[in-house]
Amino acid sequence: MRKNLTIAIDGHSACGKSTVAKLLAKELDYIYIDSGAMYRAIAFFALDRDLAEGRTVDREGLVEELEKIDIGYKRIGESVSLYMNGIEVEPLIRNMRVSQVVSPVSTIPEVREKLVEIQRAIGKEGGVVMDGRDIGTVVFPHADLKIFLTASIEERGRRRWAELQQRGVELSMDEVINNLLERDLIDSQREVSPLMQAEDALLIDNSNLDVQQTLNRILALVEKLGS
């Protein structure tokens with residue numbers, strides 16, 4: 001199999017994109033890039049600078065501050081971690097406060113332009129698995145393999161709720177599902193790089209598939225490319 005494939009995995013929130021993409025990259029010995037984490041990092045920056053709260057973002061203020069943000073991935077041993085301004089931010093961005101503001105932040109054209117440029121630079125040599133919402137349509141429109149991953153809102157809600165419970169975050173199932181539906185709406189209706197399935201992307205509904213089954217299905221598609 002060619003070692004320089006570019007694999008794009010797009011889809012809805014809480015359908016397991018990041019988990020599957022990370023496992024796929026490990027299986028193929030590729031670099032894994034979680035583009036959603038980059039947008040979460042910008043959202044965290046906005047919250048930290050009092051430029052956002054809840055669903056409200058000071059767009060002009062954030063755009064003025066973008067040049068102060070240095071964001072990228074660093075490989076430490078076998079793991080790759082997301083850093084912003086010299087600080088590993090992964091432990092700081094997986095909470096509901098960031099989740100509430102990440103979609104409004106991601107609608108800002110200047111934010112998307114900055115991150116798309118970074119993402120393209122990381123993946124220009126191939127050998128990368130990247131997941132997000134516009135990877136196959138905008139970031140890597142010529143990706144070797146495009147997957148659009150989805151699941152029912154009930155199943156996505158159950159998965160996200162279980163994830164938050166493990167972190168000690170107490171929210172009702174209704175609150176979790178409402179947040180996911182709101183993110184779906186914002187992401188699919190934004191003017192710049194809306195969430196949508198690329199015409200040549202393969203749809204996988206994993207409502208009734210576990211992580212390993214989803215991974216196996218994608219690996220079978222990868223093998224076909226190399227045959």
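Positions are given from 1, in the same order as the sequence printed here.
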remark   = Residues pairing under salt bridge (charged side-chain N to carboxylate O under 4.0 Å, His left out) where one sits in residues 161-174, two or more places apart or in two chains, turn out to be R160-E163, E163-R167
request  = Any pair with a residue in residues 178-199 that passes salt bridge (charged side-chain N to carboxylate O under 4.0 Å, His left out), sequence neighbours left out, goes on the list, sorted by first then second residue, please.
outcome  = R55-E182, R133-D187, R156-D184, D187-R190
inquiry  = My understanding is that a hydrophobic cluster links ILVMFWY residues whose side chain heavy atoms are under 4.5 Å apart, including indirect links. Using that, what else belongs to the cluster containing I153?
reply    = M96, W161, L164, V169, L171, M173, V176, I177, L180, L181
query = Hey, what do you get for OG (S172) to CG (N178), rounding to the nearest 0.5 Å?
reply = 7.5 Å
inquiry  = For E27, is the CD atom crowded, meaning more than 12 foreign heavy atoms sit under 6.0 Å from it?
reply    = no
key: Closest non-hydrogen atom pair between A8 and A143, with its separation   = CB-CB, 4.1 Å
ask   = If you round to the nearest 0.5 Å, how far is CG of D131 from OG1 of T19?
value = 9.0 Å
inquiry  = Let me check something: do M38 and F140 share a hydrophobic cluster, defined by ILVMFWY side-chain heavy atoms less than 4.5 Å apart, either directly or through other members?
reply    = yes
key: Check ion pair R159-E155 (N to O, under 4.0 angstrom)   = yes
query = With T137, which residues qualify under side chain to side chain contact (heavy atoms under 4.5 Å, CB included), at least two apart?
reply = D134, M196, A198
ask   = Got a second to check how far C15's SG is from D205's CG, nearest 0.5 Å?
value = 9.5 Å
Side chain to side chain contact (heavy atoms under 4.5 Å, CB included) against E110, all qualifying residues, sequence neighbours excluded = V63, L66, I108
key: Closest non-hydrogen atom pair, S152 against S207   = N-OG, 2.8 Å
task = Using the rule that two of Ile, Leu, Val, Met, Phe, Trp, Tyr join whenever any of their side-chain heavy atoms come within less than 4.5 Å, decide whether I135 and V105 are in one cluster.
result = yes
task = Please list, chain by chain and in numerical order, all residues satisfying side chain to side chain contact (heavy atoms under 4.5 Å, CB included) with T56, sequence neighbours excluded.
result = none
query = Can you name the residues that form a salt bridge (Lys or Arg N to Asp or Glu O under 4.0 Å) with K146, not counting sequence neighbours?
reply = D200
ask   = If Ile, Leu, Val, Met, Phe, Trp and Tyr residues are connected whenever their side-chain heavy atoms lie under 4.5 Å apart, and connections chain through other members, are L145 and I9 in the same group?
value = yes
Can you give the donor-acceptor pairs under 3.5 Å from side chains of residues 116-128 to other protein atoms, not counting sequence neighbours?
unit_1	atom_1	unit_2	atom_2	d
R120	NE	V139	O	3.2
R120	NH2	V138	O	2.6

task = Flag the pair R217 / T214 as yes when at least one side-chain heavy-atom distance between them is below 4.5 Å, and no otherwise.
result = no
request  = Flag yes if more than 12 heavy atoms outside D210 fall under 6.0 Å of its CG atom; otherwise flag no.
outcome  = yes
task = Scan residues 34-76 for pairs that pass ring-ring contact (aromatic ring centres under 6.0 Å, His included), counting only residues two or more places apart or in two chains.
result = none
Residue pairs involving residues 91-102 (criterion side chain to side chain donor-acceptor pair (under 3.5 Å); sequence neighbours excluded) = D34-R94, R40-S99, E53-R97, E90-R94
inquiry  = If hydrophobic clusters are built by linking Ile, Leu, Val, Met, Phe, Trp and Tyr wherever their side-chain heavy atoms come under 4.5 Å apart, do L51 and L92 end up in the same one?
reply    = yes
inquiry  = If you count every heavy atom of other residues, nucleotides or ligands that lies below 6.0 Å from K114 atom NZ, does the total exceed 12?
reply    = yes
query = Between CG of N216 and CD of E223, what distance do you get to the nearest 0.5 Å?
reply = 9.5 Å
ask   = Quick check: does any side chain N or O of R112 sit under 3.5 Å from a backbone N or O of T107, one acting as donor and the other as acceptor?
value = no
task = Can you sort out the partners of L185 under side chain to side chain contact (heavy atoms under 4.5 Å, CB included), two or more places apart, ordered by chain and number?
result = Q189
query = In chain order, what residues pass the ring-ring contact (aromatic ring centres under 6.0 Å, His included) check against F148, with sequence neighbours excluded?
reply = H12
